[in-house]
A.B. asks: 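What follows is a single structure, and I will ask about it in a moment.
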Amino acid sequence: MITVTNLHKWFGEDHILKGISTTFEKGKTSLVIGQSGSGKTVFMKCLLGLITPEEGTIDYDGKIYSELSSDQKRNLRQEMGMVFQGSALFDSMTVEGNVMFPLNMFTQQSNSEKEDRVNFVLNRVNLIDANHKYPAELSGGMQKRVAIARAIVMNPKYLFCDEPNSGLDPNTAIIIDNLIQEITQEYDIITVINSHDMNSVMEIGEKIVFLQNGSKAWEGTKEDIFKTDNEAVTRFVYSSELFKKVRQMYVEERT
Amino acid sequence: MTYLSAIGSYSIMVKEVFKKPTKWPIMKSLILKEIDELIFNSLGIIVFISLFIGGVVTIQTALNLENPLIPVSLIGFAPRQSVILEFAPTFTSIIMAGKVGSYITSSIGTMRVTEQIDALEVMGVNSLNYLVFPKIIAMLLYPFAVAIAMYMGILGGWMAGVWGNFTSSADFIEGLQLDFDPYHITYSFIKTLVFAFVIATVPSYHGYFMKGGALDVGKASTTSFVWTSVVIIILNFILTQLLLG
Ligand SMILES: Nc1ncnc2c1ncn2[C@@H]1O[C@H](COP(=O)(O)OP(=O)(O)O)[C@@H](O)[C@H]1O
Ligand SMILES: [Mg+2]
């Protein structure tokens, strides 16, 4: 379990994260949602240790990040996988090179073991026959698949995804969402996903944390989110006509 | 104040480059790639510029030699001194600050804005060691490039002097050997090594710590070129005072 307690982050004068506390559980896809600029990316980078918060603690299964030595921190990071918003693939390397990169850096495996592992994860994300292509030659959805493959190749205990389906068409977006959820359940990992997309919430939101202006305004499940009275949440959820209709039907059904 | 803090974060960066090294087989291939990119790919322009600079210095010396009391061998002496002391080490380094420096800033800067550096860090890779260390090692070969620049500069001088009928080959070579002080070569290579380190690290700093998007990568390259040149010029002054003064 990841336990976040009272997390604060300032950039100079700007108070970006204002005391966030929450937990993320194993085998579940937890969603951090909120408008653009609400602090989701900063929050996730704090979880990963890429940004150091001024106040608060993050506890990874009993290990408090800020109390670890820099070697211990790097070891903990090797248990984390991250899918960046723009995929962040190394554009000087092929698909295979990207996915094999962590294995090359941190394992003593033989070439054939590494290739087997790479082919296994690329298969898992349904990407075949692309091993020798460069990122620039792939579609957005394929790049996301490579990014996911690279993130899980080391068997992480923690998986972080920053807006994994931004820039994808709705169909591909749902496929990617479901892929992440399947992987989370299959390998029993702790998965945190940033999103501002209500479709994702409905597909895979087993736990939802709603951020507003850097504060946690609400948390619950996707079943709860339609029943809440929290005004900021309802405004976010029903920002699209489609969901307004869904809400209407839901209310009619109950009366 | 901002300059002081920039110098501070530059020093911290340099220290970080030498920590937690990348595995040797991987590092080896990175170094070879950088030698190719930074050194071999620059040789053409270095040869080209040196030949012409050497030629021009010779022609100008010859044209200004009207006093018959001054020996014609000065036509070989002048390009030797200026090429070895300044043109090969300093002028070439300014060119390299533009060519190699902007490549370094833009390649590292692009990795910064596309979050590839964050991706390295998340995996537990020391991104500074991974990106900057191979460039520093590759630039250790830079003195060889400067040696070529010296040779080409003098050759260019000889070609312009002899083929342009300003002097005979024998006079030119006599001038080349006149009062030769081997320490000047040492001085020149000490400067070169220092400049090599500057050319590898200052543009890296500008790329690594850049903020913004794709457009800002271009701006960062320009700023990086200005600062790399300024640092080279200032260090050139200080080192000349220390080593020759
Ligand atoms: N490195 C930084 N320096 C200063 N401000 C930042 C930095 N990163 C993010 N911010 C600010 O933090 C706020 C939250 O940003 P972000 O977490 O990226 O939002 P989201 O991911 O929810 O769209 C924004 O107002 C942004 O300008
Ligand atoms: Mg974001």
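Only heavy atoms go into these numbers, but all of them, side chains included; no hydrogens, no water, no symmetry mates. Quick note on labels: first sequence line is chain A, next is B, and so on, each numbered from 1.
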A.B. asks: Within a reach of under 6.0 Å around CG of B:L242, are more than 12 heavy atoms found that belong to other residues, nucleotides or ligands?
C.D. replies: yes
A.B. asks: Can you tell me how far the NZ atom of B:K20 sits from the CZ atom of A:R74, to the nearest 0.5 Å?
C.D. replies: 5.0 Å
A.B. asks: Give a yes or no on this: more than 12 heavy atoms of other residues, nucleotides or ligands lie within 6.0 Å of atom CZ of B:F91.
C.D. replies: no
A.B. asks: Starting at CD of A:Q85, measure out to CG of B:D118 and round the result to the nearest 0.5 Å.
C.D. replies: 12.0 Å
A.B. asks: Is a side-chain N or O of B:K23 found less than 3.5 angstrom from the main chain of A:T107, in a donor-acceptor match?
C.D. replies: yes
A.B. asks: Can you tell me which portion of A:F160 sits under 4.5 Å from chain B's heavy atoms? Options are side chain, backbone, both or neither.
C.D. replies: neither
A.B. asks: Take a 6.0 Å sphere around CZ of B:F52 and say whether it holds more than 12 heavy atoms from other residues, nucleotides or ligands.
C.D. replies: no
A.B. asks: Heavy-atom count check: over 12 atoms from other residues, nucleotides or ligands less than 6.0 Å from A:D188 CG?
C.D. replies: yes
A.B. asks: Between atom CG of A:L50 and atom CD of B:E115, what is the distance when rounded to the nearest 0.5 Å?
C.D. replies: 9.0 Å
A.B. asks: Can the ring centroids of A:F90 and B:Y130 be said to lie less than 6.0 angstrom from one another?
C.D. replies: no
A.B. asks: Please check if atom NE2 in A:H196 has more than 12 non-hydrogen atoms from other residues, nucleotides or ligands closer than 6.0 Å.
C.D. replies: no
A.B. asks: Taking OH in B:Y151 as the centre, count heavy atoms belonging to other residues, nucleotides or ligands within less than 6.0 Å. Is the count above 12?
C.D. replies: no
A.B. asks: With rounding to the nearest 0.5 angstrom, report the CZ to CE distance, A:R77 to B:M123.
C.D. replies: 12.0 Å
A.B. asks: So for A:D91, is it side chain, backbone, both, or neither that comes closer than 4.5 Å to the heavy atoms of chain B?
C.D. replies: both
A.B. asks: Does any backbone or side-chain atom of B:K19 lie under 4.5 Å from a heavy atom of chain A? Answer side chain, backbone, both or neither.
C.D. replies: neither
A.B. asks: Go through the steps for A:F84 and B:T114 under the test side chain to side chain contact (heavy atoms under 4.5 Å, CB included), then give the verdict.
C.D. replies: CA-CA 9 Å; A:F84 286 87; B:T114 55; over 6 Å; no
A.B. asks: Is the shortest distance from a Lys or Arg side-chain nitrogen in A:K45 or B:E121 to a carboxylate oxygen in the other one below 4.0 Å?
C.D. replies: no
A.B. asks: Can you establish whether the number of heavy atoms outside B:K99 located under 6.0 Å from its atom NZ is more than 12?
C.D. replies: yes
A.B. asks: Considering all heavy atoms of both residues, which atom of B:A119 and which atom of A:A88 are nearest to each other, and what is their separation?
C.D. replies: CB-O, 4.1 Å
A.B. asks: Kindly check if the number of other-residue, nucleotide or ligand heavy atoms within 6.0 Å of CD (B:E86) is above 12?
C.D. replies: yes
A.B. asks: Which bit of A:L89 comes within less than 4.5 Å of chain B, counting heavy atoms only: side chain, backbone, both or neither?
C.D. replies: backbone
